[in-house]
J.: 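I have a structure here, written as structure tokens, and I will follow up with some questions on it.
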Amino acid sequence: MDSEPIEQAGAGIPDSFQRLWTPHRMAYIKGENKPSGSGEDDGCPFCEIPKLSDEDGLIVARGSAVFAVLNLYPYNSGHLMVCPYRHVSDYADLDGTETAELAEFTKRATQALRKASGAQGFNVGMNLGGVAGAGIAAHLHQHVVPRWGGDTNFMPVVGRTKVLPQLLRDTRDLLADAWPAAS
């Protein structure tokens, strides 16, 4: 039966979407706290975060050249990033110490996520440059996104909604406790 959409009082025309309000994401959409330029003094959050306490900065672990921090706008619970302290935009510009510790922290991130959340797989990678999808292109960061069998369930597929079941501070505490010691 083809029929004209019925307008709902106050809700507009039905479009098959269910709405889960996530007003905290408006800061991301508006680009709040996004650097105003490419220099470290242009408001780079990855340069500012290490100055905060681990709890306030959502830092999971600190090394000598890099740190691991939760993503404020995660794809999945536990989505974290490994960032060099030095303000550098290109992977090829990392020095040997930074490259080695970034790789080691990525490995330890997967170990902590397996221990803390039972993650069964991961998406690991970097977006180098704005055209490649980097939200903050001026400061290199590697994403570590935990995945589970069945995490593409009815919510994102049918419901067009992503559910994050834990507050970021609670996730940070869980991962910091599970972070393996340096080998």
Side-chain angles (χ1 to χ4, degrees), residues 20-29 32-34 44-86 88 91 94 97-128 133-136 139-183:
L20 181 61
W21 301 110
T22 55
H24 65 281
R25 291 200 47 85
M26 188 53 72
Y28 179 75
I29 293 166
E32 292 176 16
N33 299 320
K34 195 169 184 175
C44 177
F46 297 133
C47 290
E48 294 301 316
I49 288 169
K51 298 173 187 173
L52 303 172
S53 70
D54 290 354
E55 291 78 15
D56 289 341
L58 298 173
I59 296 171
V60 175
R62 294 177 189 255
S64 60
V66 304
F67 63 99
V69 61
L70 288 180
N71 190 319
L72 281 178
Y73 310 103
Y75 292 117
N76 272 344
S77 292
H79 177 177
L80 58 81
M81 298 170 292
V82 180
C83 308
Y85 291 109
R86 186 166 63 98
V88 59
Y91 184 69
L94 292 178
T97 300
E98 291 165 328
T99 302
E101 195 170 63
L102 187 126
E104 178 63 25
F105 263 53
T106 300
K107 184 169 83 172
R108 290 165 65 188
T110 62
Q111 292 169 328
L113 285 160
R114 277 192 186 102
K115 180 178 178 183
S117 68
Q120 298 167 314
F122 301 91
N123 295 112
V124 175
M126 345 180 158
N127 301 319
L128 299 177
I136 299 175
H139 197 130
L140 176 93
H141 52 284
Q142 175 148 276
H143 294 266
V144 180
V145 182
R147 301 302 302 265
W148 298 268
D151 70 0
T152 302
N153 60 29
F154 77 95
M155 287 300 283
V157 173
V158 176
R160 298 179 182 166
T161 302
K162 186 65 136 178
V163 177
L164 299 172
Q166 191 172 49
L167 295 173
L168 287 174
R169 285 184 183 266
D170 295 339
T171 302
R172 192 224 69 88
D173 292 345
L174 190 67
L175 291 174
D177 289 343
W179 194 263
S183 39

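Below, all heavy atoms of this structure are taken into account, side chains as well, without hydrogens, waters or symmetry copies. Note that this is a predicted model, so its numbers are computed, not measured.
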J.: Using the side-chain contact (heavy atoms from CB on, under 4.5 Å) definition, which of the options Asp177, Leu70, Leu174 pairs with Val60?
T.: Leu70
J.: For Asn123, check side-chain contact (heavy atoms from CB on, under 4.5 Å) against everything at least two apart and list the hits.
T.: Val145, Arg147
J.: Identify the heavy atoms of Pro45 and Ile136 that sit nearest to each other, and give their distance.
T.: CG-CD1, 3.3 Å
J.: Glu101: what forms a salt bridge (charged side-chain N to carboxylate O under 4.0 Å, His left out) with it, not counting sequence neighbours?
T.: none
J.: Do any pairs count as a salt bridge (charged side-chain N to carboxylate O under 4.0 Å, His left out) and have a residue in residues 55-76, sequence neighbours left out, and if so which ones?
T.: Asp54-Arg62, Glu55-Arg172, Asp56-Arg169
J.: Please name the pair of heavy atoms, one in Gln142 and one in Leu102, separated by the smallest distance, quoted to 0.1 Å.
T.: NE2-CD2, 3.8 Å
J.: Could you work out, with side chain to side chain donor-acceptor pair (under 3.5 Å) as the rule, every residue matching Asp173, not counting sequence neighbours?
T.: none
J.: Can you name the side chain to side chain donor-acceptor pair (under 3.5 Å) partners of His139, sequence neighbours left out?
T.: His87
J.: With sequence neighbours excluded, what pairs up with Phe67 under the ring-ring contact (aromatic ring centres under 6.0 Å, His included) test?
T.: Tyr85
J.: If we only count heavy atoms from C-beta on, is the Leu140 to Phe46 side-chain gap below 4.5 Å?
T.: no
J.: Quick test of your reading: applying salt bridge (charged side-chain N to carboxylate O under 4.0 Å, His left out), list the pairs with at least one residue in residues 103-113, sequence neighbours left out, ordered by first then second residue.
T.: Glu104-Lys107
J.: Do the side chain of Asn76 and the main chain of Pro146 share a donor and acceptor less than 3.5 angstrom apart?
T.: yes
J.: Please report the closest heavy-atom contact between Pro84 and Val66, naming both atoms and the distance.
T.: CA-CG1, 3.8 Å
J.: Hey, can you pull the donor-acceptor pairs under 3.5 Å for the side chains in residues 111-118, sequence neighbours left out?
T.:
unit_1, atom_1, unit_2, atom_2, d
Ser117, OG, Leu113, O, 2.7

J.: Looking at Trp179 and Ala68, what are the two nearest heavy atoms and their distance?
T.: CH2-CB, 3.8 Å
